[in-house]
Amino acid sequence: MSRNPFSHIDLRVRSFANVTGFYRAVLPELGFTVWWGEEGGEWRGAATPESFPAKAFLGFTEDPTHKPNATCIAFWVNTREEVDRIAEIVKRAGGRNIEGPAHCPEYSEGYYAVFFEDPDGNRFEVVHRTK
């Protein structure tokens, strides 16, 4: 059984209303298909379908004073075509400051990625790398 070395990511956003549609469009494409926290009417995150300890999940905390910074969360996918496909979904869902998808030899010869921000300015990357 594999394990998730991060346990989870707790991401701050300024406004659930501003980002919920974006994450509902993008996260399933990255394998986060189990929505949680809606019992009280507010969405709080998404998880992969595996059981713990292999389960990965992203939790969201609404903080109107949140100020995004240079921290970047990167997701790995199996192929360059998946990077391309997810980049299109990010664009349609309202991603900001999109760079790529492109080959990024400055990171490694087999590095292919798209970089973007969510509607609140949090930074992300979707990458396929062979080296």
Side-chain angles (χ1 to χ4, degrees):
M1 177 186 312
S2 66
R3 69 180 176 91
N4 172 7
F6 296 106
S7 178
H8 65 280
I9 295 171
D10 180 13
L11 185 67
R12 300 297 189 263
V13 297
R14 287 190 298 264
S15 165
F16 284 147
N18 195 36
V19 301
T20 299
F22 175 82
Y23 285 112
R24 284 193 181 273
V26 174
L27 289 179
E29 304 303 320
L30 296 166
F32 294 87
T33 58
V34 179
W35 302 104
W36 54 273
E38 295 181 305
E39 299 81 22
E42 286 194 15
W43 167 77
R44 297 287 184 195
T48 59
E50 296 86 10
S51 309
F52 286 110
K55 179 184 288 292
F57 69 95
L58 283 169
F60 295 86
T61 300
E62 188 174 51
D63 176 359
T65 66
H66 172 65
K67 293 184 182 5
N69 57 39
T71 299
C72 179
I73 298 171
F75 296 97
W76 186 85
V77 295
N78 290 320
T79 67
R80 290 171 60 126
E81 292 76 20
E82 282 183 86
V83 173
D84 294 340
R85 183 179 59 77
I86 293 169
E88 287 302 316
I89 292 165
V90 165
K91 287 176 192 173
R92 287 193 308 268
R96 299 178 12 200
N97 298 319
I98 299 168
E99 296 178 27
H103 176 230
C104 306
E106 64 273 24
Y107 298 128
S108 73
E109 184 52 40
Y111 205 101
Y112 186 78
V114 60
F115 304 86
F116 58 93
E117 294 175 359
D118 73 6
D120 269 1
N122 294 302
R123 297 177 62 196
F124 293 92
E125 168 184 350
V126 175
V127 60
H128 173 71
R129 63 189 310 170
T130 56
K131 295 183 180 190

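Worth saying up front: this structure is predicted, and the values here are computed from it rather than measured. Computation of the quantities below employed the complete heavy-atom set of this structure, encompassing side-chain atoms and omitting hydrogens, waters and symmetry-equivalent molecules.
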### Query
Has the side chain of Asn69 got a donor or acceptor atom that lies under 3.5 Å from a matching backbone atom of Thr71?
yes
### Task
For Phe75, enumerate each residue passing the ring pair (Phe, Tyr, Trp, His ring centres under 6.0 Å) test, keeping only those at least two apart in sequence or located in another chain.
Phe32
### Message
As an exercise, state the distance from CZ of Arg14 to OG1 of Thr65, rounded to the nearest 0.5 Å.
### Response
10.0 Å
### Task
Search all heavy atoms of Glu125 against all heavy atoms of Ala113 and return the closest pair with its distance.
OE2-CB, 3.9 Å
### Query
Do side-chain atoms of Arg96 reach the backbone of Pro119 as a donor and acceptor pair under 3.5 angstrom?
yes
### Task
Answer whether the closest heavy-atom distance between the side chains of Asp84 and Tyr112 falls below 4.5 Å.
yes
### Query
Counting distance only, does the side-chain N/O of Asp120 pair as donor-acceptor with the main-chain N or O of Pro68 below 3.5 Å?
no
### Message
Checking Asn78 now: which residues fulfil side-chain hydrogen bond (donor to acceptor under 3.5 Å, both in side chains) with it, not counting sequence neighbours?
### Response
none
### Message
Do Tyr23 and Ile9 land in one hydrophobic cluster if side-chain heavy atoms of ILVMFWY residues count as linked below 4.5 Å?
### Response
yes
### Summary
Residue set satisfying ring pair (Phe, Tyr, Trp, His ring centres under 6.0 Å) with Phe116, at least two apart, ordered chain then number -> Phe124
#### Entry: Path from Leu58 to Trp35 over hydrophobic side-chain contacts below 4.5 Å
yes
### Query
Going by heavy atoms in the side chains, are Val90 and Val114 under 4.5 Å from each other?
no
#### Entry: Heavy-atom side-chain contact between His66 and Asn122 under 4.5 Å
yes
### Query
Looking only at heavy atoms, what is the nearest atom pair of Pro49 and Thr33, with distance?
CD-OG1, 3.8 Å
### Summary
Between Ala93 and Val26, the two heavy atoms sitting closest are CB-CG2, 4.2 Å
### Message
Please check this pair: side chain of Ser108 against backbone of Lys131, looking for a donor-acceptor N/O pair closer than 3.5 Å.
### Response
yes
Listing, residues 97-105 side-chain donor-acceptor contacts under 3.5 Å, not counting sequence neighbours, or none:
residue: Asn97; atom: ND2; partner: Glu117; partner atom: OE1; Å: 2.8
residue: Asn97; atom: ND2; partner: Glu117; partner atom: OE2; Å: 3.3
residue: His103; atom: NE2; partner: Glu109; partner atom: O; Å: 2.6

### Query
Taking only residues two or more places apart in sequence or in another chain, which ones pass salt bridge (Lys or Arg N to Asp or Glu O under 4.0 Å) with Arg85?
Glu29
#### Entry: Aromatic ring proximity, centroids under 6.0 angstrom, His8 and Phe57
yes
## Note on the structure
When rounded to the nearest 0.5 Å, the distance separating OG1 of Thr61 from CZ of Phe16 is 6.5 Å
### Note, Ile73 side chain near Leu11 side chain (heavy atom, < 4.5 Å)
yes
### Query
Distance-only, no hydrogens or angles: does the His128 side chain make a donor-acceptor pair with backbone N or O of Val77 under 3.5 Å?
yes
## Note on the structure
For Trp76, the hydrophobic cluster (side chain heavy atoms closer than 4.5 Å, chained through members) also holds Tyr107, Tyr111, Phe115, Val127
### Query
Passes side-chain contact (heavy atoms from CB on, under 4.5 Å), Leu30 versus Ile86? Steps please.
CA-CA 8 Å; Leu30 296 166; Ile86 293 169; 3.7 Å; yes
